[in-house]
Amino acid sequence: MLLSAQECLEKFGNHYQIAAQIKTGGLRKVAPGLYSDGTRHHELEILQARYPTSVVTMLSAYYYYDLTDNIPDKCHLAVERGSTKILDPNVVEYFVPKGTGAIGVEEIVLQGVPMRIFDKERLLIETVRMRTKMPFDLYHEVIGNFRQISEELYPAKMEDYLDAFPKREVIFDVIRKEVL
């Protein structure tokens, strides 16, 4: 189980007791301010505990949703613009407009790892928003795969999501032309 520094203080009482638990092996430090009771944790679980407002997006989400067979070498996380920058070298960070970070987020368990990830409709919106910054072949592969699952997508949900975005008409027009 992952514990924050505050949770460790509540459980063990003081910093001396936390240090004693680390020394005896009852507790191990996995990241600054984050401890484990000894069980092994997936890196994504650790990242989402360190950055609780982050959401799995782009290449990582494409891979988890089987929209690409490209295995990401880093975890792709989205945070709202104005948030603290993630300085982890294993993370590719994307900034989303303020007030849109919680739109379309679902919590799933994949391969035993709980994660916050954008649903497919929000992921499609992010794909179109970032299309000029993505490799051409990856964009077309992902859009083609979205086209194949277009019957599973809810256009009304996308329209509701887009109400919070600037340039919503442009984004929805691209989605209509290329996917729906």
Side-chain angles (χ1 to χ4, degrees), residues 2-10 29-36 41-65 67-68 70-110 113-136 138-139 142-143 146 153-176 178-179:
L2 288 173
L3 301 167
S4 69
Q6 184 62 40
E7 291 169 330
C8 285
L9 281 173
E10 291 169 6
K29 188 173 185 172
V30 293
L34 194 61
Y35 301 87
S36 173
H41 299 280
H42 191 277
E43 183 163 349
L44 181 59
E45 188 177 8
I46 294 168
L47 287 171
Q48 292 214 315
R50 284 184 73 190
Y51 310 106
T53 60
S54 68
V55 182
V56 176
T57 190
M58 302 306 283
L59 190 56
S60 295
Y62 300 149
Y63 181 72
Y64 294 132
Y65 282 133
L67 295 170
T68 185
N70 292 339
I71 300 171
D73 55 345
K74 295 182 179 187
C75 186
H76 295 244
L77 297 176
V79 294
E80 280 193 5
R81 195 166 279 124
S83 299
T84 304
K85 184 156 177 55
I86 298 175
L87 299 175
D88 192 312
N90 296 320
V91 172
V92 176
E93 184 176 32
Y94 296 88
F95 291 100
V96 295
K98 208 161 197 53
T100 64
I103 296 173
V105 174
E106 57 184 16
E107 295 190 19
I108 64 171
V109 176
L110 189 64
V113 178
M115 69 174 77
R116 291 170 33 92
I117 189 169
F118 284 135
D119 62 16
K120 291 177 184 175
E121 289 81 6
R122 173 64 191 269
L123 186 59
L124 179 55
I125 290 168
E126 290 303 310
T127 302
V128 171
R129 281 185 60 243
M130 302 299 287
R131 69 187 180 275
T132 59
K133 297 179 175 122
M134 292 174 62
F136 181 80
L138 176 63
Y139 176 75
V142 170
I143 288 295
F146 269 118
L153 301 174
Y154 296 98
K157 190 190 279 190
M158 281 186 273
E159 287 186 60
D160 289 343
Y161 291 171
L162 283 168
D163 286 341
F165 287 88
K167 300 182 183 178
R168 63 180 177 263
E169 293 85 15
V170 173
I171 295 170
F172 197 67
D173 189 46
V174 171
I175 291 171
R176 249 193 323 266
E178 295 189 10
V179 177

### Task
Apply side chain to side chain contact (heavy atoms under 4.5 Å, CB included) to the pair Ile117 and Val105, showing each step before the final yes or no.
CA-CA 6 Å; Ile117 189 169; Val105 174; over 6 Å; no
### Query
Taking everything shown except Phe165 itself, do over 12 heavy atoms lie less than 6.0 Å from its CZ?
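Atom CZ in Phe165 is crowded, with more than 12 foreign heavy atoms closer than 6.0 Å.
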### Query
Around atom CZ of Phe95, are there more than 12 heavy atoms of other residues, nucleotides or ligands at under 6.0 Å?
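For Phe95, atom CZ is crowded (more than 12 foreign heavy atoms under 6.0 Å).
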Look up atom [atom1] in [X] and atom [atom2] in [Y], then write down how far apart they are to the nearest 0.5 Å.
X      : Y      : atom1 : atom2 : result
Phe172 : Tyr161 : CZ    : OH    : 13.0 Å
Leu162 : Lys167 : CG    : NZ    : 13.5 Å
Glu45  : Arg50  : CD    : CZ    : 14.0 Å
Glu121 : Glu126 : CD    : CD    : 13.0 Å
Ile175 : Arg168 : CD1   : CZ    : 13.5 Å
Cys75  : Ile86  : SG    : CD1   : 8.5 Å

### Query
Does the salt bridge (Lys or Arg N to Asp or Glu O under 4.0 Å) test come out yes or no for Lys74 and Asp88, once each step is laid out?
CA-CA 10 Å; Lys74 295 182 179 187; Asp88 192 312; over 6 Å; no
#### Entry: Cation-pi, Phe118 ring and Arg122 (6.0 angstrom, 45 degrees)
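The answer is yes, since Arg122 meets both limits relative to Phe118.
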Taking all non-hydrogen atoms of both residues, which atom of [X] and which atom of [Y] are closest, and how far apart?
X      : Y      : value
Tyr51  : Ser54  : O-OG, 2.7 Å
Thr84  : Glu93  : O-OE2, 3.7 Å
Ile46  : Ala31  : CG2-CB, 4.4 Å
Gln48  : Met115 : OE1-CA, 3.1 Å
Ala78  : Val96  : CB-CG1, 4.1 Å
Arg116 : Thr53  : NH2-O, 3.5 Å

Non-hydrogen side-chain atoms of [X] and [Y] separated by less than 4.5 Å:
X      : Y      : result
Val56  : Tyr64  : yes
Ile143 : Leu124 : yes
Leu153 : Phe146 : yes

### Query
Parallel, tilted or perpendicular: which describes the rings of His76 and Tyr94, with under 30° parallel and over 60° perpendicular?
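Parallel, since the angle between the ring planes stays under 30°.
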### Task
Given side chain to side chain contact (heavy atoms under 4.5 Å, CB included), test Leu123 with Leu67 step by step and report yes or no.
CA-CA 11 Å; Leu123 186 59; Leu67 295 170; 4.1 Å; yes
### Task
Could you give me the CA-CA distance, side-chain angles and deciding distance for Leu77 and Met58, then say whether side chain to side chain contact (heavy atoms under 4.5 Å, CB included) is met?
CA-CA 8 Å; Leu77 297 176; Met58 302 306 283; over 6 Å; no
### Query
Between Leu110 and Leu44, is a side chain to side chain contact (heavy atoms under 4.5 Å, CB included) present by the stated rule, with each step listed?
CA-CA 11 Å; Leu110 189 64; Leu44 181 59; over 6 Å; no
### Message
Between Arg131 and Val128 (side chain of the first, backbone of the second, donor and acceptor by atom type, cut-off under 3.5 Å), is there such a pair?
### Response
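Here the side-chain-to-backbone pair exists.
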### Task
Please check if the side chain of Lys98 supplies one atom and the backbone of Arg81 the other of a donor-acceptor pair under 3.5 Å.
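Checked: pair present.
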#### Entry: Glu178 versus Tyr139, side-chain donor and acceptor atoms under 3.5 Å
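Yes, side-chain donor-acceptor contact under 3.5 Å.
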### Query
Is Lys157 salt-bridged to Asp119, cutoff N-O under 4.0 Å?
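Counted as a salt bridge, because a side-chain N and a carboxylate O are separated by less than 4.0 Å.
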